[in-house]
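Worth saying up front: this structure is predicted, and the values here are computed from it rather than measured. Every chain is numbered from 1 and lettered A, B, ... according to where its sequence line falls, protein lines coming before strand lines.
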Amino acid sequence: MTAIQRPKGMQDVLPDDRRYWDWIIETGTAVAQQYGFQRLDVPIIEFTPLFARGMGEASDVFVQKEMYTIEEDDGESITLRPEFTAGLVRAYIENGLTNWPQPVKLFSIGPIFRRERPQAGRYRQHSQFDVEIMGETDPAADLEVMMIAMNLYRNLGYKGLTFQLNSTGCPVCKPVYIAKLKEYLADHLDKLAAIDQERMIRNPLRVLDSKEPGMDELLANAPHIVDHLCADCESHFANLRGLLDALEQSYTINFRLVRGIDYYTKTVFEVWAEGIGAQAAVCGGGRYDGLAEAIGGPSTPGVGFGSGIERIVLGLQEQGIEPPDTPQPQVLLAHFGGATKTAAVKLTYLLRDAGIGARLAFARERRSMKSQMREANKYAIRFVLILGESEVEKGVVTIRPLDGGEQVEILQTELITWLNEQLTMNN
RNA sequence: GCGGCUGUGGUGUAGGGGUUAACACGUCUGGUUGUGGCCCAGAAGAUCGUGGGUUCAAAUCCCACCAGUCGCCCCA
């Protein structure tokens, strides 16, 4: 029998990688809070219709088969969340946040699930840092979520990021544009690959995102949505750009940036990083003024983004950026079994209660000093506290500094004071 | 769902038909009685991804499957 393995597309986050996660989550939380956002967590499972609605017919079939959906005995269909936004909007409506002072600024962190074929930077379970503003149409709200993303990456020391920006219009101007795009593509049908011909029928905007060779020129000459926005969308977009310019935040207007789902309106954006494979977007988001209504709530504008933590980690590692050191105990208690062990255990917990991190050497029987010293060395311990028979008898502890300093003997009653002095030095 | 590449101790690799599968790192033990790093000595740890086939003989060649990985599709 072979040992059971983890399911496809699921990752174990080992301590070495986990350092990055903690750092990212900590940094993201700090940035969001600095902007006045509050954390709200929603369940990992929601009723399936929450995700099915609002996505639109084009993505319906394709997207839904990539969800982890469970049909329950009582006939309810539930789904492992494939995104954050729908759940947060649901919670906003269900818990009456509609009656809080508007807008409501929220963030969340956690796993999401998509049943796709894994590749670099794309896993079936991945985690997102997610930020949303509900109940605000001001382009300054769009700016705010975008800047949270940028701030996060900057605080992490990320280099070489590009802000990709586009507007996807609204229910008024988007259909008009799609018709124009379709018309143009139909005129050049012979130049389209089979896959793009399909896309043209199913979800024409996606043709803009085509990876087929030779599409650059054809698409450059195609109608671009920013030239076909209605007055409202046009001014929203101009306004947002003006604010970005005022902050001297560089960005690229990318007319090929599209989102496949119907609920997006006006602003769409991504942040791209180099060196993490074909899935270069480290962050994707936009405005979704139609979503709340689509899931049965009051019409409420919203804007937000999700940023994949695994991809941020990949990018940081690619750039050789190290997370800050995580705190480790700086003392280890060595002993020789029997009464010395009991004394060591007691002293260990005394230190821990006093807020001093301590590692206790484990040993079922008498264990050699050498072995315990080697252990201390492996974990970058600064002081080995030795409790042997003679120390226990005298009520002292021998302190062996591992940095080459002189070995000293201290009264056990003075140990905490002594350590507090030593450990604050050089730190 | 489709395609490319890859599967040898914990990790990284060598071995590309012939008896006990090699090396490095890591792990553990020891180098006198209670003292680390470096060094030295030793040990543990691999059904060579799984199953079939070819052959006197397979880690090695062939097929299938599985897993990983990269890309396509899709991307909320």
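Put simply, the side chain of Gln372(A) and the base of U35(B) share no donor and acceptor less than 3.5 Å apart. Counting distance only, with no hydrogens placed and no angle test, the side-chain atoms of Ser368(A) and the base atoms of G34(B) include no donor-acceptor pair under 3.5 Å. Judged by distance alone with a 3.5 Å cut-off, a donor-acceptor contact links the side chain of Arg122(A) to the base of C74(B). Checked by distance alone, Gln5(A) brings no side-chain donor or acceptor within 3.5 Å of a matching partner on the base of G68(B). Evaluation of atom-type donor-acceptor distances gives no pair under 3.5 Å for the side chain of Arg117(A) against the base of G1(B). Contact of Asn377(A) with G37(B) (side chain to base): no donor-acceptor pair of N or O atoms is detected under 3.5 Å.
The phosphate of C72(B) (OP1 or OP2) has a side-chain N or O of Lys211(A) nearer than 4.0 angstrom. Phosphate contact (OP1/OP2 of C74(B), side-chain N/O of Arg202(A), threshold under 4.0 Å): present. Phosphate contact (OP1/OP2 of C28(B), side-chain N/O of Lys378(A), threshold under 4.0 Å): present. Between Arg374(A) and the phosphate of G37(B), there is a side-chain N or O to OP1/OP2 separation shorter than 4.0 Å. In this model, the phosphate group of G36(B) is approached by a side-chain N or O of Lys370(A) to a distance below 4.0 Å at OP1 or OP2.
Using a cutoff of 4.0 Å between basic side-chain nitrogens and carboxylate oxygens, Asp41(A) and Arg39(A) are scored as salt-bridged. Using a 4.0 Å cut-off between charged nitrogen and carboxylate oxygen, Glu83(A) and Arg114(A) do not count as a salt-bridge pair. Salt bridge annotation for Arg124(A)-Glu310(A): absent, with no cationic side-chain nitrogen under 4.0 angstrom from a carboxylate oxygen. A salt bridge does not link Arg382(A) with Asp403(A): none of the charged nitrogens is closer than 4.0 Å to a carboxylate oxygen. Between Glu375(A) and Arg367(A) there is a salt bridge, since at least one side-chain N of the basic residue sits less than 4.0 Å from a carboxylate O of the acidic one.
Here C75(B) presents its P atom at 18 Å from CZ of Arg115(A), a figure rounded to the nearest Å. Between Arg114(A) atom CZ and C73(B) atom C1' the separation is 15 Å, expressed in whole Å. When rounded to the nearest whole Å, the span between CZ of Arg81(A) and P of C75(B) equals 21 Å. When the P atom of G36(B) is taken as reference, atom CD1 of Ile386(A) falls 10 Å away, rounded to whole Å. The interatomic distance linking Glu212(A) (CD) with G71(B) (C1') rounds to 13 Å, in whole Å. Rounded to an integer number of Å, the gap from Asp209(A) CG to C73(B) C1' is 12 Å. Protein atom OH of Tyr263(A) is 11 Å distant from nucleotide atom C1' of C75(B), rounded to whole Å. What separates CD of Glu365(A) from P of C28(B) is a distance of 18 Å, to the nearest Å.
Nucleotide A14(B) forms a pair with no other nucleotide shown, judged by Watson-Crick or G-U wobble geometry with both contacts under 3.5 Å. Checking C66(B) for Watson-Crick or G-U wobble geometry (two distances, each under 3.5 Å) identifies G7(B) as its partner. Nucleotide U54(B) has no partner under the Watson-Crick or G-U criteria, as no pair reaches both atom distances under 3.5 Å. With a cut-off of 3.5 Å on both pairing distances, the Watson-Crick or G-U wobble partner of U27(B) is A43(B). The base-pairing partner of G1(B), taking Watson-Crick or G-U wobble contacts with both distances under 3.5 Å, is C72(B). Within the shown strands, nothing qualifies as a pairing partner of U20(B) under the Watson-Crick or G-U definition with both distances less than 3.5 Å.
Separation of the P atoms belonging to C65(B) and G3(B) is 11 Å when rounded to the nearest angstrom. Spacing of P atoms, U6(B) relative to U47(B), comes out at 23 Å, to the nearest Å. Rounded to whole Å, the C1' atom of A22(B) lies 12 Å from the corresponding atom of A46(B). A gap of 15 Å separates the P atoms of G7(B) and G17(B), to the nearest Å. Separating the C1' atom of U54(B) from that of C62(B) is a span of 7 Å, rounded to the nearest Å. Spacing of P atoms, A64(B) relative to A24(B), comes out at 38 Å, to the nearest Å. G68(B) and U27(B): their C1' atoms are spaced 25 Å apart (whole Å). When the P atom is used for both G12(B) and G26(B), the distance is 15 Å, rounded to whole Å.
The side chain of Thr398(A) lies closest to G34(B) when the candidates are G36(B), A76(B), G34(B). Residue Gln119(A) places its side chain closer to G71(B) than to any other of C74(B), G71(B), U69(B). The side chain of Arg206(A) lies closest to A76(B) when the candidates are U29(B), A76(B), U35(B). Comparing A76(B), U35(B), C73(B) against the side chain of Arg400(A) picks out U35(B) as the nearest.
Using a 4.0 Å heavy-atom cutoff across all strands shown, Ser371(A) reaches sugar-phosphate atoms only and no base atom. Using a 4.0 Å heavy-atom distance criterion, Gly277(A) is classed as a sugar-phosphate-only contact. Note on Arg367(A): nothing from the nucleic acid sits closer than 4.0 angstrom, heavy atoms only. Residue Gln407(A) is in base contact, counting any heavy-atom pair closer than 4.0 Å across all strands shown. Among the protein residues, Tyr264(A) comes within range of the sugar-phosphate backbone only, with heavy atoms under 4.0 Å from sugar or phosphate atoms but none that close to a base. Here Ala376(A) lies out of heavy-atom contact (under 4.0 Å) with every strand.
The glycosidic torsion of G16(B) lies within 90° of 0, placing the base in the syn range.
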Stepwise, does the ring pair (Phe, Tyr, Trp, His ring centres under 6.0 Å) test hold for Trp21(A) with Phe129(A)?
CA-CA 11 Å; Trp21(A) 285 63; Phe129(A) 171 66; over 10 Å; no

Where do Glu132(A) and Thr85(A) land on the side chain to side chain donor-acceptor pair (under 3.5 Å) test, with the steps shown first?
CA-CA 7 Å; Glu132(A) 314 283 351; Thr85(A) 311; 3.1 Å; yes

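Residues Gln11(A) and Leu387(A) both approach RNA chain B. Their nearest nucleotides, taken by heavy-atom distance, put Leu387(A) toward the 5′ side. Of the two residues near RNA chain B, Ser210(A) and Glu270(A), the one whose nearest nucleotide lies more 5' is Ser210(A).
Checking each of Thr265(A), Asp289(A), Val145(A) against Val303(A) for a side chain to side chain contact (heavy atoms under 4.5 Å, CB included) leaves exactly one that passes, namely Val145(A).
Closest heavy-atom contact between Leu402(A) and Met373(A): CD2-CE, 3.5 Å.
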